[in-house]
Asks: 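Got a structure for you, questions after.
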Amino acid sequence: QEWENTFVGWDPQDFCNISKIILPKDAYWSPPIFILERVDGQNSNLDYMAVMHNGSFNFTQPFQVTLTCSLMIFKFPFDTQTCNLSIASFLYSVTDLVMKTRQTPAEIIRDSQSYFLTDGEWKFTNLSIIEHLEEQGDERFPVVTYVISMERRPTLYVLNLILPTCALYLLDMAVLFGPSSLEEKISFQIAIILGSSMLAVILNNILPTSSNKPPVIGTH
């Protein structure tokens with residue numbers, strides 16, 4: 001966060017060329033912000049901010065949060081998701097506090113790709129910024145929304161789920177139309193049914209459930 005306080009400032013030449021000092025967060029006013037989609041998180045203990053001689057304040061506080069996001073898993077595991085991270089301050093209306101982003105979406109994408117883990121299940125693909133006003137009663141409050149786009153990495157699901165399922169179906173067709181006797185076909189069918197049941201149990205445990213529509217792979 002960066003903001004200016006016109007009542008704070010000094011001439012560095014009068015104070016041994018000191019142009020920057022570090023003060024506790026509670027020493028001066030700082031804009032309170034909230035993450036609307038936040039359900040849990042852990043804040044850091046960096047409760048200090050930098051004050052420049054021209055009245056500019058700089059406050060950096062990294063923290064990790066858990067957000068709520070509506071997932072559309074119809075194309076699982078080849079799905080892409082879009083989640084919002086909305087930052088707002090409902091203590092001051094737009095007449096008292098205006099929130100703006102300092103970086104462009106391209107700069108934030110570059111920084112996000114350098115910090116985001118590249119070996120997880122999700123792949124960060126894009127980010128866009130929406131600055132708008134939220135109406136609450138008779139007042140309007142500034143809100144900055146980061147729209148985050150992610151893409152699931154399907155390799156693990158293809159190897160552990162899709163390929164074994166296709167192999168069972170091909171085996172089922174080969175046994176059904178093969179020259180085997182009726183007793184052999186029945187025994188093979190029972191084995192295939194047991195394998196399909198085991199895959200169904202595994203599928204039920206790994207498929208995400210936070211969606212109104214079940215994935216295509218779970219309905220076939």
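All values reported here derive from a predicted model rather than from experimental measurement. In what follows, every heavy atom counts, from backbone to side chain, and hydrogens, waters and symmetry copies are set aside.
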Asks: Set out, in order, the CA-CA distance, both residues' side-chain angles and the distance that settles side-chain contact (heavy atoms from CB on, under 4.5 Å) for Arg152 and Ile73, then state yes or no.
Replies: CA-CA 10 Å; Arg152 193 189 303 270; Ile73 59 172; 4.3 Å; yes
Asks: Would you call Thr145 and His132 a side-chain contact if the rule is heavy atoms closer than 4.5 Å?
Replies: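 In contact.
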Asks: Using the rule that Ile, Leu, Val, Met, Phe, Trp and Tyr join whenever any side-chain heavy atoms are under 4.5 Å apart, tell me whether Val147 and Ile109 fall into a single cluster.
Replies: no
Asks: Closer than 3.5 angstrom, by distance alone: can the side chain of Asp11 be matched with the main-chain N or O of Gln13 as a donor-acceptor pair?
Replies: yes
Asks: To the nearest 0.5 Å, what is the distance between CD1 on Ile129 and OG1 on Thr104?
Replies: 7.5 Å
Asks: How long is the span from the CE atom in Met49 to the CG atom in Asp47, to the nearest 0.5 Å?
Replies: 10.5 Å
Asks: I'd like to know if the side chain of Ser89 reaches the main chain of Pro32, judged simply by a donor and an acceptor atom lying under 3.5 Å from each other, with no hydrogens or angles considered.
Replies: yes
Asks: In Å, rounded to the nearest 0.5 Å, how long is the span from SG of Cys83 to CH2 of Trp122?
Replies: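 With rounding to 0.5 Å, SG (Cys83) is 7.5 Å from CH2 (Trp122).
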Asks: Step through it carefully: locate the ring centre of Phe76, locate the ring centre of Tyr157, and say whether they are under 6.0 Å apart.
Replies: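 For Phe76 and Tyr157, the ring centres are under 6.0 Å apart.
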Asks: Identify whether Leu91 and Leu97 are in the same connected component of the hydrophobic contact network (ILVMFWY, side-chain heavy atoms under 4.5 Å).
Replies: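 Same cluster.
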Asks: Measuring from atom CG of Asn84 to atom OG of Ser86, what distance do you get when rounded to the nearest 0.5 angstrom?
Replies: 5.5 Å
Asks: To the closest 0.5 Å, what do you measure between CG (Leu67) and CG (Leu36)?
Replies: 10.0 Å
Asks: Please say yes or no: joined through hydrophobic side-chain contacts below 4.5 Å, possibly via intermediate residues, are Ile33 and Leu85 part of one cluster?
Replies: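 Shared cluster, yes.
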Asks: Rounded to the nearest 0.5 Å, how far apart are CD1 of Ile87 and CE of Met99?
Replies: 6.0 Å
Asks: Quick one about Ser56 and Glu2 (side-chain donor to acceptor, distance below 3.5 Å, no hydrogens or angles considered), yes or no?
Replies: no
Asks: Taking the ring centre of each residue, are Tyr28 and Phe57 less than 6.0 Å apart?
Replies: yes
Asks: So Val158 and Leu163, do their side chains get closer than 4.5 Å, heavy atoms only?
Replies: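 Leu163 vs Val158: side chains touch.
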Asks: So, the side chain of Trp10 versus the backbone of Ile18: is there a donor-acceptor pair under 3.5 Å, distance only?
Replies: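 Side chain of Trp10 to backbone of Ile18: a pair is present.
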Asks: Assess whether a salt bridge exists between Glu134 and Arg140, defined as any Lys/Arg side-chain N lying under 4.0 Å from an Asp/Glu carboxylate O.
Replies: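 Looking at Arg140 together with Glu134, the answer is no, because their closest N to O distance does not fall below 4.0 Å.
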Asks: Show your working on side-chain contact (heavy atoms from CB on, under 4.5 Å) between Ile148 and Thr82 and close with a plain yes or no.
Replies: CA-CA 6 Å; Ile148 304 170; Thr82 301; over 6 Å; no
Asks: Hey, quick one: are Phe34 and Leu133 part of the same hydrophobic cluster, counting side-chain heavy atoms closer than 4.5 Å, chains of contacts allowed?
Replies: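 The answer is no; the residues belong to distinct hydrophobic clusters.
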Asks: Is the distance between the ring centroids of Trp29 and Tyr92 under 6.0 Å?
Replies: yes
Asks: Could you tell me if Ser149 and Gln81 have a donor-acceptor pair between their side chains, going purely by distance under 3.5 Å?
Replies: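 No, Ser149 and Gln81 have no side-chain donor paired with an acceptor closer than 3.5 Å.
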Asks: Taking the side chain as C-beta and beyond, is there a heavy-atom pair between Pro105 and Tyr146 under 4.5 Å?
Replies: no
Asks: Can you check side-chain contact (heavy atoms from CB on, under 4.5 Å) on Lys25 and Tyr48, steps first, answer last?
Replies: CA-CA 5 Å; Lys25 178 184 176 183; Tyr48 292 88; over 6 Å; no
Asks: Give a yes or no answer on whether the side chain of Gln1 reaches the backbone of Pro31 with a donor-acceptor pair at less than 3.5 Å.
Replies: yes
Asks: Determine, using the 4.5 Å side-chain heavy-atom cutoff (strictly less than), whether Ile108 and Phe124 are members of one ILVMFWY cluster.
Replies: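 Both belong to a single hydrophobic cluster.
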Asks: Test Val51 against Lys20 for side-chain contact (heavy atoms from CB on, under 4.5 Å), laying out the working first.
Replies: CA-CA 6 Å; Val51 183; Lys20 176 182 177 181; over 6 Å; no
Asks: Under a 4.5 Å cut-off applied to non-hydrogen side-chain atoms, are Leu71 and Cys69 in contact?
Replies: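 Side chain of Leu71 against side chain of Cys69, heavy atoms only: contact under 4.5 Å found.
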Asks: Does Phe78 CZ have over 12 foreign heavy atoms under 6.0 Å away?
Replies: yes
Asks: State, to 0.1 Å, how close Ser93 and Pro142 come at their nearest heavy-atom pair, and which atoms those are.
Replies: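 Smallest interatomic distance, heavy atoms only, reads C-CD, 4.2 Å.
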